[in-house]
Amino acid sequence: MQNQENLDADGKAESVISIQTSEYDSWGNLGDDDIMLQKSAIFVQEAEKVPFVGDKEPLSSLEAEYKSGSPILLEKIKVLSGQYAAIRRTRGDGNCFFRSFMFSYLEHILESQDKTEVDRIKTNVENCRKTLRSLGYTEFTFEDFFALFLEQLESALQGNESSISHEELVIRSRDQSISDYVVMFFRFVTSGEIQKRSEFFEPFIMGLTNGTVDQFCKTAVEPMGEESDHVHIIALSDALGVPIRVLYLDRSSCDSGGLSVNHHDFVPATTEVASGSAASEIKIPFITLLYRPGHYDILYPK
Amino acid sequence: MQASRARLFKEYKEVQREKVADPDIQLVCDDSNIFKWTALIKGPSETPFEGGVFQLAFAVPEQYPLQPPQVRFLTKIFHPNVHFKTGEICLDILKNAWSPAWTLQSVCRAIIALMAHPEPDSPLNCDSGNLLRSGDARGYQSMARMYTRLAAMPKKG
């Protein structure tokens, strides 16, 4: 009882402050706070290497990365470069899918000035807000994140006071106080959608974890830095009504001749039912992401 | 910084409103610093902590609510997931499972739930954890009750 993990060997662990200044003499002295500090130090280190959202790079930079890598990958990159011109990398901090989606979507609005799309997504955003409310979320826990996303959406449209340039969009995407808030907005939206349609998502989630839908949302969707899986992508795409194309760059191949890069289009479930005429005008998703095991980046078609 | 301040102010108002609804939690903000809070929580009934009042200290980081508040027990407590000396709490929502959906108030509720349902497999207090893991629930309860009496109840006479 007396001796708690020998922490008090030098007799100074009694004071609360001394755990902050603990020396590296033993791993046993590492408290949870130290581990958190170390973790955030690693994040800072990583941050210096890659911004949240990188610059647009020609696809050849991807090729260079795998110069001495698997021939299958090199072959696939060659196939990719037939259709895609550029890549924009995002930081591998577990938020890369949401971050890629954020930039890609806002960039699309900025370039297309598609006011109809903005009005459409705003309706969906309001529905997401209602979903969270009906699930029992306290309004003030999510409203700031919603407000910040709507603000970005508004400023992507030109012709008002808050309008921003493409350059400014890049700057904002790299500004933690904006970028992380928008990522968190998507996490709330995703979590709300999964819980709202829990009977639909349950079998998928059971394949990923042993927990319940609720536990999954609490531990794998809402916390920042938790990586996204198909479940997250389906839920976000459905909730916001935005189709997403994902290209898979992995070492899979088939024996029958030429290599191709697999892709999958996540098409929002609701749009097909809602508007009967929509079937005739199915569009290619304007968001294209490149998936490499464990990471998402943004791709630009030619 | 501005965002965290605004959020904490909302929580402050919410706390005033919830006071009656949640009589087991008394959350107070420091007079001069909105990033410092303390809470008094009642030990849950049918646990060795029943009848005790435990004080928690909150230090809220500037990146709140993207980052969790730091919370520790100021009142000594014998519990597998609370460090016996520092009062540090081992609770996933205060670490990697944190999300802005939590509030200072709901963190208090989670800590009360942790008091009632210890997780002896990830102990910060090994002695306490070992008692439970070896099946000595009676030993655990009497130790925990003793410290509740010693540290978390008003001293008699």
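Values below: every heavy atom of this structure, side chains too, minus hydrogens, waters and symmetry copies. Order of the sequence lines sets the chain letters (A, B, ...), proteins ahead of strands, with each chain counted from 1.
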Within a 6.0 Å radius of atom CD on B/Gln16, are there more than 12 heavy atoms belonging to other residues, nucleotides or ligands? yes
Per-residue contact mode, B/Glu11 against chain A (heavy atom under 4.5 angstrom): both
Flag yes if more than 12 heavy atoms outside A/Met206 fall under 6.0 Å of its CE atom; otherwise flag no. no
Hey, is OH on B/Tyr12 packed in by over 12 heavy atoms from elsewhere, all under 6.0 Å? no
Taking NZ in B/Lys13 as the centre, count heavy atoms belonging to other residues, nucleotides or ligands within less than 6.0 Å. Is the count above 12? no
Identify which part of A/Phe142 has an atom lying under 4.5 Å from any heavy atom of chain B, answering side chain, backbone, both or neither. neither
Measure across B/Ser99 and A/Pro223 and return the closest heavy-atom pair with its distance rounded to 0.1 Å. CB-N, 3.9 Å
Around B/Arg149, counting heavy atoms of other residues, nucleotides and ligands shown, do more than 12 lie under 6.0 Å from its CZ? no
What is the distance from atom CD of B/Gln63 to atom OG of A/Ser177, rounded to the nearest 0.5 Å? 10.5 Å
Under a 4.5 Å heavy-atom cut-off, does chain B meet the side chain of A/Ser191, its backbone, both or neither? neither
Going from NZ on A/Lys218 to CH2 on B/Trp98, what distance comes out if it is rounded to the nearest 0.5 angstrom? 12.0 Å
Give a yes or no on this: more than 12 heavy atoms of other residues, nucleotides or ligands lie within 6.0 Å of atom CG of A/Asn210. no
Pick one of side chain, backbone, both or neither for B/Ile93, based on which atoms fall under 4.5 Å of a heavy atom in chain A. neither
Is the shortest distance from a Lys or Arg side-chain nitrogen in B/Lys10 or A/Glu143 to a carboxylate oxygen in the other one below 4.0 Å? yes
Indicate yes or no: at least one non-hydrogen side-chain atom of B/Leu66 is less than 4.5 angstrom from one of A/Tyr181. yes
So, taking the atom named CZ in A/Phe140 and the one named CZ in B/Arg7, what distance separates them when rounded to the nearest 0.5 Å? 5.5 Å
